[in-house]
Amino acid sequence: MDQTEFDILLLLMKEERDGVISELKKEEVSALTKEEIKLLDILLNGQYVLVMSKGYKVNVRTKIIEGPLKELEKYIFAVDKKSREAVLNIEFLNKKLKAGIEMQNNEV
């Protein structure tokens with residue numbers, strides 16, 4: 001490809017990108033599904049921050065006592081105490097969802 005062809009290719013890519021971006025700016029168009037939006041509404045507080053949840057183990061299950069994971073407790077399938085992460089059986093952006101969790105030694 002010579003320089004002119006390359007310049008034309010870049011110009012076409014820019015026009016295509018700008019078209020997608022301008023579509024995403026429209027209120028009636030969303031890059032997220034309704035389910036993803038609902039999930040973000042559950043997880044994020046009024047300042048759009050995912051705050052730490054608190055919980056403890058009951059046998060093999062995790063019981064959430066505080067935080068956004070309380071509503072999603074049934075989806076927790078793993079907790080890493082060291083990294084303070086709960087892994088949920090919910091995919092978001094093609095990955096298993098992880099959220100912060102502070103594990104208590106027992107019921108508070």
Side-chain angles (χ1 to χ4, degrees):
M1 185 179 295
D2 67 17
Q3 186 62 47
T4 305
E5 291 172 323
F6 185 70
D7 291 343
I8 292 170
L9 176 64
L10 288 177
L11 182 61
L12 290 172
M13 289 174 66
K14 180 184 182 308
E15 288 173 5
E16 184 177 319
R17 183 204 70 211
D18 290 344
V20 171
I21 290 171
S22 67
E23 284 299 311
L24 291 176
K25 288 180 183 177
K26 294 181 182 177
E27 277 190 42
E28 65 273 7
V29 177
S30 175
L32 300 174
T33 66
K34 289 179 184 178
E35 292 80 19
E36 290 169 332
I37 293 169
K38 183 179 177 186
L39 181 62
L40 288 176
D41 285 341
I42 292 169
L43 290 171
L44 304 179
N45 68 13
Q47 290 77 39
Y48 303 105
V49 174
L50 174 57
V51 298
M52 295 285 282
S53 293
K54 294 181 181 179
Y56 60 92
K57 282 285 190 190
V58 177
N59 299 321
V60 296
R61 303 290 307 168
T62 301
K63 177 70 178 162
I64 303 298
I65 55 175
E66 182 182 313
L69 292 181
K70 193 167 189 159
E71 204 171 325
L72 301 170
E73 181 178 303
K74 66 183 178 184
Y75 297 103
I76 297 172
F77 74 90
V79 173
D80 184 339
K81 288 182 181 181
K82 187 175 181 180
S83 67
R84 299 169 60 169
E85 289 180 330
V87 182
L88 286 73
N89 195 16
I90 298 174
E91 287 210 8
F92 187 76
L93 302 176
N94 298 320
K95 293 183 180 181
K96 292 289 185 196
L97 184 64
K98 292 182 180 181
I101 186 167
E102 182 181 319
M103 294 298 289
Q104 311 290 315
N105 288 331
N106 51 21
E107 186 175 351
V108 177

Colleague: Distance-only criterion, 3.5 Å: show the donor-acceptor pairs between side-chain atoms of residues 41-48 and protein atoms not counting sequence neighbours.
Modeller:
from  : atom 1 : to    : atom 2 : distance (Å)
Asn45 : OD1    : Gln47 : N      : 2.9
Asn45 : OD1    : Tyr48 : N      : 3.2
Asn45 : OD1    : Val49 : N      : 3.0

Colleague: Hey, quick one: are Val51 and Ile65 part of the same hydrophobic cluster, counting side-chain heavy atoms closer than 4.5 Å, chains of contacts allowed?
Modeller: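 Different clusters.
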
Colleague: Side-chain heavy atoms nearer than 4.5 Å, only ILVMFWY residues, links allowed to pass through others: does that put Val87 and Phe92 together?
Modeller: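 Different clusters: Val87 never reaches Phe92 through Ile, Leu, Val, Met, Phe, Trp or Tyr contacts under 4.5 Å.
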
Colleague: Can you list the steps and then say if Leu69 with Thr62 is a side chain to side chain contact (heavy atoms under 4.5 Å, CB included)?
Modeller: CA-CA 10 Å; Leu69 292 181; Thr62 301; over 6 Å; no

Colleague: Please round to the nearest 0.5 Å and tell me the distance separating atom CD of Glu66 and atom NZ of Lys70.
Modeller: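 One gets 8.5 Å once the value is rounded to the nearest 0.5 Å.
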
Colleague: Residues sharing Met52's hydrophobic cluster, by side-chain heavy-atom contacts under 4.5 Å among ILVMFWY, directly or via others?
Modeller: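 Cluster partners of Met52: none, it stands alone.
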
Colleague: Count the heavy atoms belonging to other residues, nucleotides or ligands that lie under 6.0 Å from CD of Glu71, then report whether that count exceeds 12.
Modeller: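 No.
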
Colleague: Kindly compute the distance separating CD (Glu36) from CD (Glu91), expressed to the nearest 0.5 Å.
Modeller: 10.5 Å

Colleague: Please report the closest heavy-atom contact between Lys96 and Leu88, naming both atoms and the distance.
Modeller: CD-O, 3.6 Å

Colleague: Is there a path of hydrophobic side-chain contacts, each under 4.5 Å between heavy atoms, that joins Val79 and Phe77?
Modeller: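 No, Val79 and Phe77 fall in different hydrophobic clusters.
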
Colleague: Calculate, to the nearest 0.5 Å, the distance between atoms CD and CZ belonging to Glu73 and Arg61 respectively.
Modeller: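 If we round to the nearest 0.5 Å, Glu73:CD and Arg61:CZ are 7.5 Å apart.
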
Colleague: Quick check: closest heavy atoms across Met103 and Ile101, and the distance to 0.1 Å?
Modeller: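 So the two residues come closest at SD-CD1, 3.6 Å.
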
Colleague: Go through Leu72 and Leu39 one step at a time and tell me if the side chain to side chain contact (heavy atoms under 4.5 Å, CB included) criterion holds.
Modeller: CA-CA 9 Å; Leu72 301 170; Leu39 181 62; 3.8 Å; yes

Colleague: Supply the atom-to-atom distance Lys57 NZ to Asn59 CG, rounded to the nearest 0.5 angstrom.
Modeller: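 Interatomic distance, Lys57 NZ to Asn59 CG, rounded to 0.5 Å: 10.0 Å.
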
Colleague: Counting only heavy atoms not in Lys98 (residues, nucleotides, ligands), do more than 12 fall under 6.0 Å from its NZ?
Modeller: no

